[in-house]
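Quick notes on the structure that follows.
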There are 2 protein chains.
Amino acid sequence: MKGIRRLAQHLDISIGTVSRALNGKPDVNEETRKRVLQAATDLGYVPNQSGRSLRQGTTNIIGFMMQTGTEITGQGDTFFMSVFDGVQAVFARHKLDLVALLCSSQEDPNDYLRRVVARGFADGLILSATQRDDPRIEFLAERNIPFVTLGRSLTDAGQPWLDLDFEGMAQAAIDRLVARGHRRIAITRPHDDTNLGYIFVDRCRRALAAHGLALEEDLIFRSTPNEAGGYQIARDLLALEEPPTAIVLINETIAIGFYQALSEAGVKPGRDIAVIGRYSPHAHFLSPPLTCFRLSLRDLGIALAETLLSAMPAFSDHYPDAPVNRVWPMELVEGESDSFLVPQR
Amino acid sequence: MKGIRRLAQHLDISIGTVSRALNGKPDVNEETRKRVLQAATDLGYVPNQSGRSLRQGTTNIIGFMMQTGTEITGQGDTFFMSVFDGVQAVFARHKLDLVALLCSSQEDPNDYLRRVVARGFADGLILSATQRDDPRIEFLAERNIPFVTLGRSLTDAGQPWLDLDFEGMAQAAIDRLVARGHRRIAITRPHDDTNLGYIFVDRCRRALAAHGLALEEDLIFRSTPNEAGGYQIARDLLALEEPPTAIVLINETIAIGFYQALSEAGVKPGRDIAVIGRYSPHAHFLSPPLTCFRLSLRDLGIALAETLLSAMPAFSDHYPDAPVNRVWPMELVEGESDSFLVPQR
DNA sequence: TTGCCGTCCGTAAACGTTTACGGAACTATG
DNA sequence: CATAGTTCCGTAAACGTTTACGGACGGCAA
């Protein structure tokens with residue numbers, strides 16, 4: 001005899017009463033409820049997840065889909081950990097559990113979604129590493145599975161999404177550098193075709209154009225989003241006939257490699273070239289400190305959770321005005337890496 | 001009508017046959033099997049996870065329990081992503097899916113384990129952030145849930161574990177530094193009471209003793225396992241009346257902050273002080289490159305998976321000689337941060 | 001007393017699968 | 001033709017819960 005039956009047998013009451021007692025339903029004597037709860041801890045009873053969710057049609061689990069293997073996401077080393085923390089702060093209020101659905105780098109994310117998620121594994125989903133064209137979005141929308149994406153996509157099924165404000169960052173960075181006299185400004189973009197690359201490059205181009213400047217193709221650097229990628233960018237940049245006087249780094253960890261390659265060439269950020277990047281815990285500990293754009297990842301996680309819940313009928317009442325589509329602003333943290341002023345001729 | 005019934009109705013055959021056809025059971029005509037599979041994709045049928053696992057008593061899911069929030073484990077996203085990659089390489093062969101069970105930093109890991117895992121959520125578990133005394137181990141052992149821990153614990157229920165060879169690292173690092181003439185050698189340990197701190201400190205002490213040297217208490221530095229922690233260590237170290245001539249860093253990211261604080265004081269690793277640390281993707285990109293201990297995290301992940309599977313009756317046949325308890329060796333990567341030789345008086 | 005209401009509890013169905021069992025139809029063998 | 005064996009399929013039970021429904025019981029008012 002196992003499960004709730006064992007508990008019922010042990011107390012000599014029916015399983016219905018046991019279930020009601022455990023779940024805080026009203027139709028049960030407080031005295032018996034106490035006995036049930038006591039027996040549950042005594043016998044170490046824990047309700048079976050499959051049985052419960054089969055009956056209820058709900059799992060109380062939210063999945064955060066992400067890809068494993070390194071060199072994929074280009075987020076800093078603690079990026080996801082911080083976001084998770086915020087997401088969970090919200091979910092905890094509703095007894096929802098967050099699990100990370102780890103899609104192997106060997107498997108197509110679309111296959112993975114069909115295989116794992118569509119089986120009713122989770123009540124809702126958060127999608128990361130959103131692609132420019134992302135079939136996952138259509139798939140989930142068709143099946144009415146609540147979800148929110150971290151990152152915009154061209155695929156539009158009316159889904160909620162949140163994203164970092166790369167446009168604001170592009171605009172502010174370009175304006176700032178131009179104001180300091182820079183005319184030849186390089187930018188970076190991810191090595192793959194994530195949407196953010198297009199967004200960022202496009203906005204940089206327009207921001208430059210507003211100042212009467214052109215974004216030159218050979219000043220757009222692609223790289224893997226890690227230290228080695230940043231190192232390579234700096235090498236390529238320094239090898240140019242006429243190197244740029246400033247650069248905006250779109251990824252977080254590439255700054256470390258970028259700094260190193262410069263250092264080896266005797267070039268110093270802030271003195272010989274202006275560098276603006278993205279915040280990461282190491283940004284303050286570079287020499288000189290990196291001028292960068294920062295946001296609260298925990299707050300972003302909170303917003304993600306609230307947006308998702310507002311798309312779930314069971315919870316939407318609690319979040320009437322959660323954002324549906326929103327770019328998340330980043331604030332400029334002044335370092336010294338961009339204090340280089342272009343000498344006026 | 002939903003699920004397998006719908007499929008059966010659509011094909012005008014029984015649900016039993018549909019199930020057998022989908023699961024590759026022998027007692028089914030090849031012709032009907034084809035029709036079933038075709039109809040399944042046509043109708044977008046995906047078997048329900050709860051129903052299946054309720055009946056089978058198995059979920060085909062393996063959980064990797066970890067804690068969210070930063071500044072906890074000292075391991076970042078890239079650490080786990082690399083390990084996951086290896087784990088999944090093995091699991092894929094057995095149609096097992098890996099999910100990360102994210103325990104909020106707000107919640108006690110033991111409560112979390114009871115709440116989520118004990119409900120039959122996963123067929124097996126990998127525990128990280130193992131504590132020196134870890135009730136989770138007893139809990140799982142009592143319930144006969146297969147698991148393996150990443151990290152040793154004093155709690156011994158005969159469970160399998162894998163761990164990094166911190167003892168080998170301690171021994172090699174100390175020997176190396178002593179051979180280079182160092183007598184005052186500092187070491188670091190995590191801020192909390194994870195077992196690795198005890199193991200590492202203890203072995204360093206014994207390694208020093210073998211050379212007739214003592215490990216002085218004020219040369220053992222505790223810190224949070226991030227850049228800020230490393231920064232603080234360097235500041236404290238330089239403030240000593242008689243600073244050490246060498247240091248061994250046990251965490252990965254603390255090297256960045258450590259370097260920075262030294263740099264601000266005009267102290268250069270490799271020239272004024274010898275530094276040995278742990279490998280991380282940024283280790284090569286520090287100036288000078290960090291001499292550090294490295295291991296293949298992907299291989300570690302593979303070993304973790306194999307060890308877990310060998311503890312699961314359904315799979316143990318495939319892995320007769322997977323390691324049960326094993327420390328995973330690290331190799332020394334020579335940089336220039338420890339090339340400082342103590343001048344002989 | 002009768003009737004009604006409220007409290008508490010037991011019964012049984014339902015969720016979506018898998019699988020043991022048995023049987024129908026057909027083939028092969030004597 | 002009778003029998004045995006093979007191939008394929010349908011039936012129904014089972015997994016562990018939750019919950020709608022109804023009933024037993026006691027208290028209270030009329």
Side-chain angles (χ1 to χ4, degrees), chain A residues 1-37 39-40 43-61 95 115-123 143 314, chain B residues 1-37 39-40 43-61 95 115-123 143 314:
Chain A
M1 189 76 66
K2 285 171 54 181
I4 204 172
R5 291 207 152 69
R6 174 149 179 275
L7 212 52
Q9 193 184 38
H10 180 256
L11 291 166
D12 198 33
I13 57 178
S14 77
I15 60 170
T17 304
V18 174
S19 175
R20 280 190 296 267
L22 291 172
N23 294 355
K25 293 296 165 70
D27 274 10
V28 49
N29 187 301
E30 277 310 314
E31 174 60 28
T32 48
R33 187 191 302 279
K34 271 187 194 165
R35 286 176 55 221
V36 170
L37 292 176
L43 300 187
Y45 168 77
V46 182
N48 177 282
Q49 167 84 15
S50 303
R52 170 184 290 223
S53 61
L54 175 60
R55 170 62 215 238
Q56 296 197 135
T58 192
T59 63
N60 286 342
I61 291 172
K95 299 194 182 307
R115 196 164 56 77
V116 173
V117 177
R119 359 188 102 176
F121 182 89
D123 292 345
R143 299 183 169 246
Chain B
M1 189 78 65
K2 285 172 55 182
I4 205 172
R5 290 207 153 71
R6 180 151 119 74
L7 212 52
Q9 192 184 38
H10 179 256
L11 291 165
D12 198 33
I13 57 179
S14 77
I15 61 170
T17 304
V18 174
S19 175
R20 280 190 296 267
L22 291 173
N23 294 356
K25 292 297 164 68
D27 274 11
V28 49
N29 186 301
E30 276 310 315
E31 174 60 28
T32 48
R33 187 191 302 278
K34 271 187 194 166
R35 286 177 54 221
V36 171
L37 292 176
L43 300 187
Y45 168 77
V46 182
N48 177 283
Q49 168 82 17
S50 303
R52 170 186 291 226
S53 61
L54 175 58
R55 169 61 215 237
Q56 295 196 136
T58 192
T59 63
N60 286 341
I61 291 172
K95 299 193 182 305
R115 197 164 55 77
V116 173
V117 177
R119 355 188 107 176
F121 182 89
D123 292 346
R143 300 183 167 244

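- Side chain to side chain, B:S50 and A:S50 fail the donor-acceptor criterion of an N or O pair below 3.5 Å.
- Proximity of A:N48 to the phosphate of D:dT17: no side-chain N or O atom is located under 4.0 Å from OP1 or OP2.
- For the OP1/OP2 pair of C:dT18 and a distance below 4.0 Å, the side-chain nitrogens and oxygens of B:R52 include at least one atom meeting the criterion.
- Close to D:dC15, at under 4.0 Å from its OP1 or OP2, lies no side-chain N or O of B:S53.
- Going from atom CZ of A:R35 over to atom C1' of C:dC9 covers 12 Å, rounded to whole Å.
- Atom CD1 of A:I15 and atom C1' of D:dG16 are 8 Å apart (whole Å).
- Residue order along DNA chain D, read from the 5' end via each residue's closest nucleotide, puts B:T17 first among B:T17 and B:R55.
- Closest approach to the B:Q56 side chain among C:dG16, C:dT19, C:dC9 is made by C:dT19 (side chain taken as heavy atoms from C-beta onward).
- As rounded to whole Å, 15 Å separates atom C1' of C:dG16 from atom CD of A:Q49.
- For A:K2, taking side-chain heavy atoms from C-beta onward, the closest of the listed nucleotides D:dT18, D:dC9, D:dG16 is D:dG16.
- Distances from the side chain of B:R20 to the nucleotides D:dT18, D:dG10, D:dG16 place D:dG10 closest.
- Contact between the side-chain N/O atoms of A:N23 and the OP1/OP2 oxygens of D:dT18 is found at a separation under 4.0 Å.
- The side chain of B:D27 has D:dC9 as its nearest neighbour among D:dG16, C:dT17, D:dC9.
- When rounded to the nearest whole Å, the span between CZ of A:R5 and P of D:dT18 equals 12 Å.
- Using a 4.5 Å heavy-atom cutoff, the side chains of A:L7 and A:L22 are in contact.
- In this structure, A:Q49 and A:L54 have side chains that are not in contact, with every pair of non-hydrogen atoms separated by 4.5 Å or more.
- Between B:R33 and B:E30 there is a salt bridge, since a side-chain N of the basic residue sits under 4.0 Å from a carboxylate O of the acidic one.
- In this structure, the separation between OG1 on A:T17 and CZ on A:R35 is 10.5 Å, given to the nearest 0.5 Å.
- Residues of residues 6-14 of chain A having a heavy atom closer than 4.0 Å to DNA chain D: none are found.
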